[in-house]
Amino acid sequence: MPNKELSGAGLRGQSAGSTALCTVGKSGTGLTYRGYDITDLANNAQFEEVAHLLLRGHLPNQKELDDYKTRLVSLRGLPTELKQALELIPASAHPMDVMRTGCSVLGNLEQEQDFSEQLNATERMLALFPAIICYWYRFSHDGVRIDTEGTSEDCTGGYFLKMLTGKAPSNLHKQVMHCSLILYAEHEFNASTFAARVCASTLSDLHSCITAAIGTLRGPLHGGANEAAMEMIENWQTPDEAEQNILRMLENKDKIMGFGHAIYRESDPRNALIKRWSEELSEAVGDTHLYAVSERVEAVMKREKGLFCNADFFHATAYHFMDIPTKLFTPIFVMSRLTGWAAHVFEQRENNRIIRPSADYTGPESRDWLPIEQR
Ligand SMILES: CC(=O)SCCNC(=O)CCNC(=O)[C@H](O)C(C)(C)COP(=O)(O)OP(=O)(O)OC[C@H]1O[C@@H](n2cnc3c(N)ncnc32)[C@H](O)[C@@H]1OP(=O)(O)O
Ligand SMILES: O=C([O-])CC(=O)C(=O)O
């Protein structure tokens, strides 16, 4: 099925540039990163292999992967001034604002002086983003100053879980994190990536591009939907209760978070991949109702509106079953999507023209100037 054809609102259906990084919905439901199918990547790769693919252009061999992980581990030291800045942010702050500020402060301390530094600057962020959110979270919520270099977990997902809980993550949890981070890594000209590219097109610095992207991902119509989905389903104790509430919400014309997509028409290929892990985690934790509630919501949305789960819906329960606080869901998305954002910034810089569309004017015709005392 072809992509949605909609009128111009939201630039839908219009090409806003070209990319060699990713195809979304090219064959209706497909998703590829540099030609590799998302299902192959999510079922077989580690997240760091995909980061290498997106940022360095090819899947690494074993030695390259080992070296890459060693390099990222070596970059996990938080600058003292950044720790001080994070300690000033209250526990009541939104964690996405913490990510945005953390990225921005880093850009002040370690400025990208020249575009030749873009890969190094990105890999520093890749290593530091889990540290930024966990340092702030543990300090503001538990009063603990964590040592972000004190863990031997050599993968991004395991590293995040270890810093968050202080406990070594299980193999199951590490596998889920690899899959999740791979699914979230890249998605063509989505809103946050487009924001990063617009910023890059002015020849701004990398940290500004990523900060713009973080702010754009934060909203519930984009990355914030995984948190919003969790906040919705956790209210319901049974599938029947979920069904009644969804029907009521649809009648009120409410948006159901975690459903629908701007490009895909039939399904989001990432859903089946994360849903499988959500089910396995549900069994592992002895969940009595949340997975069943989610499945019922999925069925009702299909039946009533023909709408399908996007990448965010079953991420909510998958993260919840791993004891990740709901408000940290979208920052995990940031740790991953950084790779896609940065790869797009590199691509924009390679063949740049400032992004500046036109607008259809709908305001008043020209009016006569009135001196202030006559208004
Ligand atoms: C990782 C990601 O960012 S994935 C997206 C995460 N966001 C969400 O899950 C938020 C909920 N979903 C939505 O708001 C939308 O589906 C978006 C923002 C993802 C896409 O928006 P659009 O491209 O404008 O949606 P689309 O054109 O397909 O909408 C068609 C119709 O379905 C309705 N619809 C779409 N999604 C939903 C939903 N989740 N709940 C209820 N109705 C919906 C729209 O209101 C619209 O109805 P209308 O024609 O009566 O106005
Ligand atoms: O492509 C989009 O519009 C939103 C999305 O699914 C993503 O960014 O992963």
Side-chain angles (χ1 to χ4, degrees), residues 1-16 19 21-26 28-33 38 41-42 50 54 96 180-197 213-233 245-271 273-274 294 297-298 300-316 318-319 329-341 343-344:
M1 221 188 198
N3 291 345
K4 273 181 196 172
E5 279 181 31
L6 295 170
S7 57
L11 296 178
R12 200 73 79 260
Q14 300 174 42
S15 172
T19 181
L21 291 165
C22 177
T23 61
V24 173
K26 200 173 163 195
T29 59
L31 170 60
T32 62
Y33 298 170
I38 192 63
L41 293 171
V50 170
L54 291 170
M96 284 296 279
S180 165
L181 295 173
I182 289 169
L183 297 181
Y184 273 151
E186 162 54 12
H187 220 240
E188 197 222 41
F189 275 29
N190 62 85
S192 55
T193 300
F194 194 58
R197 285 192 80 130
I214 294 171
T216 310
L217 187 70
R218 184 189 193 286
L221 295 191
H222 193 10
N226 55 15
E227 294 178 19
M230 189 68 228
E231 282 156 11
M232 178 180 72
I233 60 171
N245 278 282
I246 289 290
L247 292 174
R248 186 184 43 76
M249 289 171 78
L250 290 177
E251 216 171 280
N252 290 344
K253 304 239 173 288
D254 291 342
K255 280 268 165 76
I256 312 298
M257 295 302 158
F259 284 84
H261 201 272
I263 304 293
Y264 298 121
R265 285 197 68 78
E266 296 159 25
S267 66
D268 180 332
R270 299 167 295 183
N271 177 49
L273 295 159
I274 193 63
S294 304
V297 174
E298 183 179 31
V300 173
M301 286 298 285
K302 191 83 201 158
R303 187 188 75 214
E304 298 294 320
K305 296 280 287 184
L307 285 171
F308 51 86
C309 300
N310 58 46
D312 280 329
F313 190 67
F314 277 94
H315 257 105
Y319 288 163
F329 290 2
T330 320
I332 303 175
F333 198 154
V334 173
M335 291 173 211
S336 157
R337 183 58 61 86
L338 165 68
T339 55
W341 291 332
H344 277 273

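In listed order, ligands and their atoms are each counted from 1.
Near Arg270, meaning under 4.0 Å from one of its heavy atoms, ligand 2 places the atoms 5 (C), 6 (O), 7 (C), 9 (O). Near Asp254, with a cut-off below 4.0 Å to any heavy atom, the atoms of ligand 1 are 41 (C). If you number the atoms of ligand 1 from 1 as listed, the ones under 4.0 Å from a heavy atom of Ile256 come out as 11 (C), 38 (C), 39 (N), 40 (N), 41 (C). Of all atoms in ligand 1, numbered sequentially from 1 with element shown, those under 4.0 Å from a heavy atom of Met257 are 9 (O), 10 (C), 11 (C).
The structure places CG of Asn245 at 12.5 Å from CD1 of Ile233, a figure rounded to the nearest 0.5 Å. A distance of 8.0 Å separates CG of Leu338 from CD1 of Ile214, quoted to the nearest 0.5 Å. Put simply, CD on Glu186 and CG on Leu31 are 8.5 Å apart, with the number rounded to the nearest 0.5 Å.
Under a 3.5 Å cut-off, the side chain of His222 and the backbone N or O of Arg218 do not form any donor-acceptor pair. Using a distance-only test at 3.5 Å, with no hydrogens or angles considered, a donor-acceptor pair links the side chain of Ser336 to the main chain of Leu181. With hydrogens and angles disregarded, no donor-acceptor distance shorter than 3.5 Å links the side chain of Ser267 to the backbone of Pro269. Side-chain atoms of Asn310 come within 3.5 Å of backbone N or O of Asp312 as a donor-acceptor pair.
Annotation: Arg12 places an N or O atom under 3.5 Å from an N or O atom of ligand 1; distance criterion only. Taking any N or O of Phe259, backbone or side chain, at least one lies under 3.5 Å from an N or O belonging to ligand 1. Here's the thing with Phe333: none of its N/O atoms is less than 3.5 angstrom from an N/O atom of ligand 1. At under 3.5 Å, a nitrogen or oxygen of Gly258, whether backbone or side chain, sits near a nitrogen or oxygen of ligand 1.
Distances from ligand 2 to the non-hydrogen atoms of Arg337 include at least one value under 4.0 Å.
Counting only heavy atoms of the protein, atom 1 (O) of ligand 2 lies nearest to His187 ND1, 2.7 Å. Nearest protein heavy-atom neighbour of atom 4 (C) of ligand 2: His261 NE2, 3.5 Å.
Counting heavy atoms closer than 4.0 Å to ligand 2, residue His222 contributes side-chain atoms (C-beta onward) but none from N, CA, C or O. Counting heavy atoms under 4.0 Å from ligand 1, residue Pro220 touches it through the backbone alone. Using a 4.0 Å cut-off between heavy atoms, Asn310 contacts ligand 1 through its side chain alone, with no backbone atom that close.
Checking Ile246, Leu183, Leu221 against atom 6 (C) of ligand 1, the nearest heavy atom belongs to Leu221. When the options Ala225, Ala191, Gly260 are ranked by their closest heavy atom to atom 19 (C) of ligand 1, first place goes to Gly260. Looking at Ile263, Asn226, Asp268, Asp312 and measuring to atom 2 (C) of ligand 1, the nearest heavy atom belongs to Asp312.
For the residue pair Tyr319 and Ser180, a side-chain donor N or O sits within less than 3.5 Å of a side-chain acceptor on the partner.
Side-chain rings of Phe313 and Phe259 approach one another, their centers coming within less than 6.0 Å.
Smallest separation of non-hydrogen atoms from Tyr264 and Gly30: CE2-O, 3.6 Å. Here the shortest heavy-atom pairing between Ala229 and Ala316 reads CB-CB, 4.2 Å.
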